[in-house]
Amino acid sequence: MTLAERDGAPTGQQDAVRHFVLQTEALDLESTLDGGQAFRWWRVSGDGESAVYDGVIGSTALRISELGDALDPQAGTPAQDVALRQAQDGGHVDIKVEVRSELVPEGLEHAVADYLGIGPGPKTSISELRVRFADDPCIGPAITGFPGLRLLRQDPWECLVSFICSSTSNIPRIKLNVGSVAREIGSRVGLGDADYCFPAPKAVAAAGEQKLRDLGLGFRAKYVIPAAEAVASGKLDLAALRETPFYEARAALVGLTGVGEKIADCVMAFSLDKAEAFPVDRHIRRALERWYGLPEGTNNSNAAEFARERFGNFGAVAQQYMFHRERLSQRAKWGGDHVGHALPEDRL
DNA sequence: GTCCAGGGTGAAA
DNA sequence: TTTCACCCTGGA
């Protein structure tokens with residue numbers, strides 16, 4: 001029996017707008033939602049089909065899909081065609097957003113656009129990135145091949161827990177852990193198996209370390225609880241860190257047990273508007289050594305400074321392109337030192 | 001079935 | 001500065 005059957009169908013009256021379309025510059029859902037920035041999006045379309053993802057933003061379960069461009073209402077456009085059109089002129093794309101929750105909150109459209117990094121809030125100019133790093137040996141080809149990779153603007157608390165969970169882990173497992181926390185401690189907001197809002201810090205703190213261990217977080221459980229307590233008590237004001245200068249915000253995050261510079265930079269890049277954040281992990285280090293002559297043996301902290309010097313306020317988005325490229329080349333899709341096609345045939 | 005690596009961090013040496 | 005334990009899941 002599925003959860004949906006157990007809970008029954010919603011009583012929903014035909015209420016407000018249950019779907020809308022956001023038009024934006026190139027936005028590739030797969031690389032953006034499922035590329036290691038966020039861990040609660042699930043693809044519901046098949047390989048080769050146009051991307052469709054289910055997930056939750058705030059308290060609203062959503063289905064987000066690529067419609068191609070504005071003049072082509074045809075559904076089921078192959079992903080390559082969409083990417084190609086986007087690549088050709090950096091043209092616009094229509095993103096369809098369907099509400100799967102019973103309630104449609106005020107300002108949802110704004111909230112979704114904000115989350116996707118296409119709202120009026122702080123953002124890095126994609127077109128400027130394209131111009132400035134077109135000839136960059138590593139990310140230049142990635143920018144061309146994946147013009148739609150964007151930085152998300154997530155909820156800082158969920159982002160913080162997600163990356164605490166990332167320690168010595170891998171993406172499938174992080175998704176499992178974060179999903180379990182939501183399902184077991186959060187509230188149901190839709191009929192799908194993963195339709196739970198991410199629990200507030202207070203609720204996580206109340207659940208306790210053993211609960212998180214039971215959910216499979218392992219040693220990370222003992223880091224999540226004090227973080228939850230710090231945020232719940234107001235000792236750490238995550239929202240305020242959006243307005244806090246970079247190094248000051250980083251110091252506040254690193255003050256949490258289990259949060260080093262790498263995790264702090266992830267939280268800052270993907271939820272706190274810190275465009276100069278540059279998370280360095282083993283993959284990124286390898287890329288920095290290979291493409292930019294970072295001396296071997298440089299520690300991660302200095303490697304991040306090295307990158308910040310080079311990329312400045314494009315650090316966060318540059319790092320995502322670098323990570324994306326490294327991930328793909330690991331899967332032997334893009335071959336080692338050279339990028340065969342601007343648009344790989346199979347980008348799974 | 002076993003083995004191994006996986007978007008690190010903190011504490012001890 | 002370097003080494004090591006920490007948990008455990010998915011894939012080979």
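Order of the sequence lines fixes the chain letters, A, B, ..., with proteins taken first and strands second; residue numbering starts at 1 for each chain.
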Exercise. When the P atoms of dG10(C) and dT9(B) are considered, how many whole Å apart are they?
Worked result: 23 Å
Exercise. Roughly how many Å is it from NE2 in His283(A) to P in dG6(B), rounded to a whole number?
Worked result: 6 Å
For this session: From the options dG7(B), dG8(B), dC7(C), select the nucleotide whose nearest atom is closest to the side chain of Gln319(A).
Result: dG7(B)
For this session: Once you apply the 3.5 Å cut-off to both distances, tell me the Watson-Crick or G-U wobble partner of dC7(C), or none.
Result: none
For this session: Under 4.0 Å between any heavy atoms, over every strand shown, what does Leu212(A) touch: base, sugar-phosphate, or nothing? Just pick one.
Result: nothing
Exercise. Would you call the rings of Phe311(A) and Phe278(A) parallel, tilted or perpendicular if under 30° counts as parallel and over 60° as perpendicular?
Worked result: parallel
For this session: Test for a donor-acceptor pair under 3.5 Å between the base of dG8(B) and the side chain of Thr168(A), counting only N and O atoms.
Result: yes
Exercise. Has the side chain of Arg173(A) got a donor or acceptor atom sitting under 3.5 Å from an opposite partner on the base of dC7(C)?
Worked result: yes
Problem set entry | Touch class at under 4.0 angstrom, heavy-atom based, for Gly36(A) against every strand present | base
Problem set entry | Nearest-angstrom distance from the residue atom CZ of Phe39(A) to P of dT9(C) | 18 Å
For this session: Take atom P in dC7(C) and the same atom in dA12(B), then report the distance between them in whole Å.
Result: 15 Å
Problem set entry | Ring centroids of Phe219(A) and dC7(C) base under 5.5 Å with planes under 30° | no
For this session: Would you please confirm or rule out a distance under 4.0 Å between OP1 or OP2 of dC7(C) and any side-chain N or O of Lys222(A)?
Result: yes
Problem set entry | side chain to side chain contact (heavy atoms under 4.5 Å, CB included) between Tyr53(A) and Arg63(A), intermediate numbers included | CA-CA 6 Å; Tyr53(A) 280 89; Arg63(A) 171 163 295 179; over 6 Å; no
Exercise. Paired with dG7(B) by Watson-Crick or G-U wobble geometry, both distances under 3.5 Å: which nucleotide is it?
Worked result: none
Exercise. Contact class for Pro279(A) vs. all strands (heavy atom < 4.0 Å): base, sugar-phosphate, or nothing?
Worked result: base
Seminar exercise, completed: note: Asp214(A), atom CG; dC7(C), atom P; distance rounded to Å ~ 13 Å
Seminar exercise, completed: Glu261(A) CD to dG7(B) C1', in whole Å, measures 15 Å
Problem set entry | Residues Glu158(A), Arg40(A): salt bridge by 4.0 Å N-O rule | yes
Exercise. Pick from Arg285(A), Gln319(A), Glu305(A): which one makes a side-chain contact (heavy atoms from CB on, under 4.5 Å) with Val280(A)?
Worked result: Arg285(A)
Exercise. Between dC8(C) atom C1' and Asn170(A) atom CG, what is the distance in whole Å?
Worked result: 10 Å
For this session: Scan Arg213(A) against the nucleic acid and name what it touches under 4.0 Å (heavy atoms): base, sugar-phosphate only, or nothing.
Result: sugar-phosphate
For this session: Report which part of the nucleic acid Gly297(A) touches: base, sugar-phosphate, or nothing (heavy-atom distance under 4.0 Å, all strands).
Result: nothing
For this session: Please work out if Phe163(A) contacts a base, only the sugar-phosphate, or nothing of the nucleic acid, heavy-atom cut-off 4.0 Å.
Result: nothing
For this session: Consider the side chain of Gln320(A), meaning its heavy atoms from C-beta on, and name the nucleotide among dG7(B), dC6(C), dT9(C) that approaches it most closely.
Result: dG7(B)
Exercise. Closer than 4.0 Å, any side-chain N/O of Arg282(A) to the OP1 or OP2 of dG6(B)?
Worked result: yes
Problem set entry | Whole-Å gap separating P (dG10(C)) and CG (Asn177(A)) | 10 Å
Problem set entry | Interatomic distance where CG belongs to Asn299(A) and P belongs to dG8(B) [whole Å] | 15 Å
Exercise. On DNA chain B, nearest-nucleotide positions of Cys266(A) versus Thr257(A): which is more 5'?
Worked result: Cys266(A)
For this session: For dA12(C) and dG7(B), measure between their P atoms and round to the nearest Å.
Result: 14 Å
Problem set entry | Listed nucleotide nearest any side-chain atom of Ser167(A), set dT9(B), dC7(C), dG7(B) | dT9(B)
Exercise. Hey, would you say the Phe163(A) and Phe270(A) ring centroids sit under 6.0 Å apart?
Worked result: yes
Exercise. Contact class for Leu176(A) (heavy atom, under 4.0 Å): base, sugar-phosphate, or nothing?
Worked result: sugar-phosphate
For this session: Send over the distance from Asn300(A) CG to dG10(B) C1', rounded to a whole Å.
Result: 15 Å
Problem set entry | Base dG7(B) paired with Lys262(A) side chain (donor-acceptor, <3.5 Å) | yes
For this session: Mind checking Val259(A) for me? I need base, sugar-phosphate or nothing, with any heavy atom below 4.0 Å counting as a touch.
Result: sugar-phosphate
For this session: Could you please name the option among dG7(B), dC7(C), dT9(B) that lies closest to any side-chain atom of Ile263(A)?
Result: dT9(B)
For this session: Check the pair Asp265(A) / Arg308(A) against salt bridge (charged side-chain N to carboxylate O under 4.0 Å, His left out), numbers first and verdict last.
Result: CA-CA 11 Å; Asp265(A) 275 34; Arg308(A) 222 183 312 286; 3.7 Å; yes
Exercise. Strictly by modelled atom types, are Ser45(A) and Arg43(A) linked by a side-chain donor-acceptor pair under 3.5 Å?
Worked result: yes
